[in-house]
Chemist: 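Here you go, one structure.
When a ligand or atom number is given, it counts from 1 through the structure's own listing order. Just the heavy atoms: all of them, side chains too, but no hydrogens, waters or symmetry mates, feed the values below.
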Amino acid sequence: MGTARFVPHPEATWLRGIPFVKYYADNWEIVEAFKARADDLLIVTYPKSGTTWVSEIVDQILNNGDMEKCQRDAIHNRVPFLESAAPGALSGTDKLTALPSPRVIKTHLPVQHLPQSFWDNDCKVIYVARNAKDVAVSYFYFCKMALVLPEPGTWEEFLDKFMTGEVVFGSWYDHVKGWWKKQQEQSILYLSYEDLKEDPKREILRILQFMEKEVSEEVLEKIIHATSFREMKQNPMANYSMTPAHFMDHSISPFMRKGIAGDWKNQFTVAQKESFDEDYKMKMATSELRFRDEL
Ligand code: PPS
């Protein structure tokens with residue numbers, strides 16, 4: 001834990017070509033040397049893309065939809081965040097070392113930053129991607145309330161930084177493309193937030209198949225219900241309300257904010273949308289990846 005004091009909204013530290021949370025960068029050597037286990041399941045996302053949602057789904061599957069078992073701890077302890085660290089808090093690696101197998105691990109690392117031991121152990125990876133405009137909006141509000149992150153500035157300033165990859169965890173465009181390409185070599189289930197939103201049952205069945213698990217129809221329905229936005233928003237073990245207020249200030253913006261596809265329409269001006277889409281076309285021109293920015 002160290003003795004350093006937590007200072008809210010520290011400036012980002014650049015780490016191997018991307019802006020990183022200062023406190024995470026201070027702990028990077030430990031993360032890089034992290035020892036994965038062959039039965040670890042990794043949930044990878046660019047921030048604000050459905051991490052918590054899929055983490056809850058996976059934990060529900062592992063516990064056969066037993067709500068009491070899934071209430072055993074807050075989501076950030078059930079599914080620790082690999083690279084997270086801050087003065088006065090247990091780091092992700094500390095939590096993970098103490099967890100029995102099978103572990104479920106959350107990370108936002110770009111593909112080239114993942115500790116080697118995950119590849120050496122051929123760990124299963126679930127990647128969740130969300131359309132860029134909704135991610136930008138969700139990330140903007142999150143940067144205000146999550147005090148480990150740098151101040152976002154105005155929406156206009158934040159959007160510029162998002163487009164140039166000068167936000168923590170770097171470029172959304174490189175992240176989604178990098179992990180997409182990695183599927184050629186590794187066992188990766190690539191999901192989208194919008195597909196999950198459109199048909200949770202279909203996507204949860206894909207997750208089950210990937211995890212090589214089965215549940216009864218009744219349990220499946222329970223899981224769909226328990227992992228809906230409405231249920232998770234009011235579940236203290238899923239909505240981050242257990243996180244101390246000096247790390248996350250829900251009075252600025254709740255973690256479970258809107259949970260929809262297409263909220264960008266309430267934030268982008270017409271001009272912002274046009275220049276964003278034009279820039280997007282260029283950045284994604286060489287990719288076959290397609291996202292829906294409304295349902
Ligand atoms: S984090 O901090 O990067 O791990 O955040 P992450 O969990 O990836 O993303 C948070 C956004 O996901 C929404 N969310 C959900 N949407 C639909 N259904 C469910 N069950 C659900 N759970 C979380 C959450 O509200 C954030 O999106 P916005 O657009 O801000 O509401």
Chemist: Among all protein heavy atoms, pick out the one at the shortest distance from atom 23 (C) of ligand 1; state its residue, atom name and that distance to 0.1 Å.
Modeler: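 For this ligand atom, the closest protein heavy atom is Met256 SD, 3.4 Å.
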
Chemist: Would you mind telling me if ligand 1 is within reach of the side chain of Lys106, the backbone, both or neither, using heavy atoms under 4.0 Å?
Modeler: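 Within the 4.0 Å criterion, Lys106 contacts ligand 1 through side-chain atoms alone.
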
Chemist: Is the count of non-hydrogen atoms from other residues, nucleotides or ligands lying under 6.0 Å from Gln209 atom CD greater than 12?
Modeler: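 Open.
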
Chemist: In a table with atom names and distances, give each donor-acceptor pair under 3.5 Å that connects a side chain of residues 137-146 to protein atoms at least two apart or in another chain.
Modeler:
from, atom 1, to, atom 2, distance (Å)
Tyr139, OH, Val168, O, 2.6
Tyr141, OH, Gln267, OE1, 2.7

Chemist: Taking the side chain from His76 and the backbone from Met242, do they hold a donor-acceptor pair closer than 3.5 Å?
Modeler: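 Not at all, since once roles are kept as given, no pair shorter than 3.5 Å links the two residues.
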
Chemist: Measure the distance from atom 5 (O) of ligand 1 to every protein heavy atom, then report the residue, atom name and distance (to 0.1 Å) of the closest one.
Modeler: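 Protein heavy atom with the smallest distance to atom 5 (O) of ligand 1: Lys48 NZ, 3.0 Å.
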
Chemist: Please confirm whether Tyr46 approaches ligand 1 to less than 4.0 Å, judged on its heavy atoms.
Modeler: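 No heavy atom of Tyr46 comes that close to ligand 1.
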
Chemist: Please work out which of the three classes, parallel, tilted or perpendicular, describes the rings of Trp179 and Trp119, given edges at 30° and 60°.
Modeler: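 Plane angle between 30° and 60°, so tilted.
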
Chemist: Let me check something: do Tyr240 and Phe6 share a hydrophobic cluster, defined by ILVMFWY side-chain heavy atoms less than 4.5 Å apart, either directly or through other members?
Modeler: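 Yes, Tyr240 connects to Phe6 through the hydrophobic network.
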
Chemist: Distance to 0.1 Å, residue and atom name: give those for the protein heavy atom nearest to atom 30 (O) of ligand 1.
Modeler: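 Nearest protein contact, heavy atoms only, for atom 30 (O) of ligand 1 is Ser138 OG, 2.7 Å.
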
Chemist: What residue and atom, counting heavy atoms only, is the protein's closest point to atom 7 (O) of ligand 1, and at what distance?
Modeler: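 Atom 7 (O) of ligand 1 sits closest to the protein heavy atom Thr52 OG1, 2.5 Å.
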
Chemist: Tell me which protein heavy atom sits closest to atom 27 (O) of ligand 1, plus the residue, atom name and distance to 0.1 Å.
Modeler: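 Of every protein heavy atom, Arg130 NH1, 3.2 Å lies nearest to atom 27 (O) of ligand 1.
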
Chemist: Sorted by first residue and then second, give each ring-ring contact (aromatic ring centres under 6.0 Å, His included) pair with at least one member in residues 274-295; sequence neighbours left out.
Modeler: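 For residues 274-295, and leaving out neighbouring residues, the ring-ring contact (aromatic ring centres under 6.0 Å, His included) pairs sorted by first residue read Trp172-Tyr280, Trp172-Phe291, Phe268-Phe276.
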
Chemist: Nearest protein heavy atom to atom 6 (P) of ligand 1, by residue and atom, and its distance?
Modeler: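 Result: Thr51 OG1, 3.4 Å.
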
